Amino acid sequence: KMFKSMLMATTIVAAGTVGAIAADPIMYPTTSPVVTSSTFDWDRFYLGLSVGGLNDGNQNLGVGGLAGVNMQSGDWVFGVEVQGTAYYDGGTYAGAMYDIMGRAGILVAPEALLYGAAGVVFTDTSNTYLGIGGGVEFAIHDDVTFGGEYTYITDGSGGGADGHAFDAKVRWYFN
């Protein structure tokens, strides 16, 4: 239940933010008042932190770190991200996951990226899975973004080893 509540709350906040920006250009100008440049530079290397949940039959909370690089071509952004996350079940360490994901997205505003992601997910028990999902990322400062991401994790067997991960992510971009 906690995982579904967290996913729903973040989705509502993200949808409301995008909707409000699109619906009211007077109240929300095309450039965010927090971002000092006219457009955010997505074509850079970044480091970040994540917090979220994993539902694979158990509901685990996770904390992790990530690194990646983006390339921008017009309104399109392509990149690669690696992430490691430690999961906890009621305060007890439940395991770790590491993923390598390719990202491809489109700028829905100069400071808002909507993207899809796919890649490989590894566990500390040597299991390998396919991860596919997507997310949204908002520039909140010249070098900082905040966003949410959902990933469906599967071994492809249909044997119940599938899972759902959701992360809130903060990324610091470097020139």
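This one's a predicted model, so the numbers in the text were calculated from it and none came from an experiment.
Checked against side-chain hydrogen bond (donor to acceptor under 3.5 Å, both in side chains), Tyr152 has the following partners two or more places apart in sequence or in another chain: Asp162. For Tyr46, the ring pair (Phe, Tyr, Trp, His ring centres under 6.0 Å) test picks out Tyr173, with sequence neighbours left out. Among residues two or more places apart in sequence or in another chain, the side-chain contact (heavy atoms from CB on, under 4.5 Å) test is passed with Leu47 by Phe45, Ala67, Phe174. Qualifying side-chain contact (heavy atoms from CB on, under 4.5 Å) partners for Thr128, counting only residues two or more places apart in sequence or in other chains: Val120, Phe122. Contacts of Met101 classified as side-chain contact (heavy atoms from CB on, under 4.5 Å), with partners at least two apart in sequence or in another chain: Asp99, Ala117, Thr151. Val170 meets the side-chain contact (heavy atoms from CB on, under 4.5 Å) test with Val144, Phe146, Trp172; sequence neighbours excluded. For Thr92, there are no side-chain hydrogen bond (donor to acceptor under 3.5 Å, both in side chains) partners, not counting sequence neighbours.
Residue pairs meeting the ring-ring contact (aromatic ring centres under 6.0 Å, His included) criterion with at least one partner in residues 59-78, sequence neighbours excluded, do not occur; the list is empty. Listed by first then second residue, pairs satisfying salt bridge (Lys or Arg N to Asp or Glu O under 4.0 Å) with a partner in residues 132-141 read Arg103-Glu137, Glu137-Arg171, not counting sequence neighbours. Among residue pairs with one or both ends in residues 113-128, none qualify as salt bridge (Lys or Arg N to Asp or Glu O under 4.0 Å); sequence neighbours excluded. Within the structure, the salt bridge (Lys or Arg N to Asp or Glu O under 4.0 Å) test picks out the following pairs touching residues 44-53 (sequence neighbours left out): Asp41-Arg44, Arg44-Asp143.
Taking a 4.5 Å side-chain heavy-atom cut-off between Ile, Leu, Val, Met, Phe, Trp and Tyr, the cluster of Tyr88 extends to Tyr93.
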